[in-house]
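Atom set for the values below is all heavy atoms of this structure, side chains included, hydrogens, waters and symmetry mates excluded.
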Amino acid sequence: MKAAWASLVLLCSVGLLAGITEGQDREPLEKREASSEREHFQLKLGAGYDQGDFGTSDTTRSFYAPVTLRYLGERFDVGLTASLIYLDTESSVVVIDGLPTRAERQRRTSEVGFGDLVFRARYYLVDDPGVASYVPALTPFLKVKAPTANASQGLGTGEWDVGFGLEFDKRFSEFFILGDVGYTFIGDPPGQNFRNRPAASLGIGRYFTPNIAVAALLDWRRSLVKGGEDPLELVGVVQVKVLPTLTLIPYAFAGLTEGSPDFGVGVELSWRFGRY
């Protein structure tokens, strides 16, 4: 997760989902209810750890604890995510969307503080018609990152980011596919020259029981630093419905390039409430 020639691993939500937080945002066990008598709010509590050397002799370690509150409309949802970040690095690293990312300035630091605020909205454009059809569910999204993290500590860039994209998923009996494509306009802090970022993920999963689903995804993002290696991770996610409105989501990922952390693990708890 560190160095002087790599890319931003943290641009999110989920999300499941860093690239993974985006993947986590799609919960196959959570069926959207069209009825007005449904849970109208969702609270997500998460904790994740990752580390990597980005091809250098130094190791960067980070801990990321996001909290998301979301309103669940009939055909849309809107959410706000705040986070606490711990970053320990001897390389040129800055945190973006919860993940350490290579930058162009050298630092040696151990910092803790609040991360950026991320607003995310989705619209349920097309529903999955069922297993007899090949048409997937399509959900366009918009996300905006407000620069509330301390940029001087490397916990953020101090600039606004705006992104948009499209999520898709499709169920085939006990199996399902899911993924997304997106593009983010990255704000450039003083002394940096970040590139805008296209991103994509694709995965396959299976329902082992009505309350347990497992998925594996490949998550790709373009390096934010010109000449850097694009981040690419293999992500594994398990979703366990503990109660009708409570879902536990442990996950792990392995970096496949030097633009990614070497590995990461985490867990998220999702609670839906406010039925009326």
Does NZ or CZ of R206 come closer than 6.0 Å to the centre of the six-membered ring of F208, within 45° of the ring's axis?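 Here R206 passes the 6.0 Å and 45° test against F208.
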Quick test of your reading of the model: are R171 and D128 salt-bridged, counting only N-O distances below 4.0 Å? no
Are the charged groups of R197 and D230 less than 4.0 angstrom apart, N to O? no
Would you mind reporting whether [Y] and [X] have side-chain heavy atoms less than 4.5 Å apart?
| X | Y | answer |
| --- | --- | --- |
| R272 | L243 | no |
| L202 | W220 | no |
| L142 | V162 | yes |
| S270 | K241 | no |
| E111 | L155 | yes |
| L117 | T81 | no |
| F263 | Y49 | yes |
| P129 | K170 | yes |

Consider only side-chain heavy atoms of I, L, V, M, F, W and Y, link residues closer than 4.5 Å, and tell whether [X] and [Y] are in one cluster.
| X | Y | value |
| --- | --- | --- |
| L232 | Y183 | no |
| V135 | V131 | no |
| L234 | L178 | no |
| V214 | F175 | no |
| L72 | L69 | no |

Counting only N and O atoms by type, is there a donor-acceptor contact under 3.5 Å from the side chain of [X] to the main-chain atoms of [Y]?
| X | Y | value |
| --- | --- | --- |
| D169 | I177 | no |
| T184 | I186 | no |
| T148 | G115 | yes |
| R75 | Y124 | yes |
| N211 | V240 | no |

Aromatic ring pairing F273/W271, orientation class (parallel under 30°, perpendicular over 60°, tilted between):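 Geometry flag for W271 against F273: parallel rings.
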For Y71 and F41, I'd like to know if the aromatic rings sit close, meaning centre-to-centre distance below 6.0 Å.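 Centroid distance Y71-F41: below 6.0 Å, so yes.
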Could you tell me whether the side chains of [X] and [Y] share a donor-acceptor contact shorter than 3.5 Å?
| X | Y | result |
| --- | --- | --- |
| D53 | T59 | no |
| T157 | K145 | yes |
| S110 | Y86 | yes |

For residues [X] and [Y], report the shortest heavy-atom separation together with the two atoms involved.
| X | Y | result |
| --- | --- | --- |
| G259 | P231 | O-CG, 3.5 Å |
| S62 | L87 | CB-CD1, 4.2 Å |
| S260 | G255 | CB-CA, 3.8 Å |
| P261 | E233 | CD-OE2, 4.0 Å |
| E229 | S223 | O-CB, 3.8 Å |
| S201 | F168 | O-CZ, 4.2 Å |

For the [atom1] atom of [X] and the [atom2] atom of [Y], what is their distance to the nearest 0.5 Å?
| X | Y | atom1 | atom2 | result |
| --- | --- | --- | --- | --- |
| Y64 | L84 | OH | CG | 10.5 Å |
| E268 | L45 | CD | CG | 8.5 Å |
| R61 | D262 | CZ | CG | 10.5 Å |
| L166 | T139 | CG | OG1 | 7.0 Å |
| D116 | I85 | CG | CD1 | 7.0 Å |
| R122 | R120 | CZ | CZ | 6.0 Å |

Who pairs with W160 by ring pair (Phe, Tyr, Trp, His ring centres under 6.0 Å), at least two apart in sequence or on another chain? none
Going by the rule side chain to side chain donor-acceptor pair (under 3.5 Å), which residues pair with D188 if we only count those two or more places apart in sequence or in a different chain?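 Applying side chain to side chain donor-acceptor pair (under 3.5 Å) to D188 gives none.
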Start with the C-alpha gap between V225 and F194, add the side-chain angles, then the distance that decides, and say whether side-chain contact (heavy atoms from CB on, under 4.5 Å) holds. CA-CA 6 Å; V225 179; F194 289 146; 4.2 Å; yes
Over 12 foreign heavy atoms within 6.0 Å of CZ, F172: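 Correct, the count exceeds 12.
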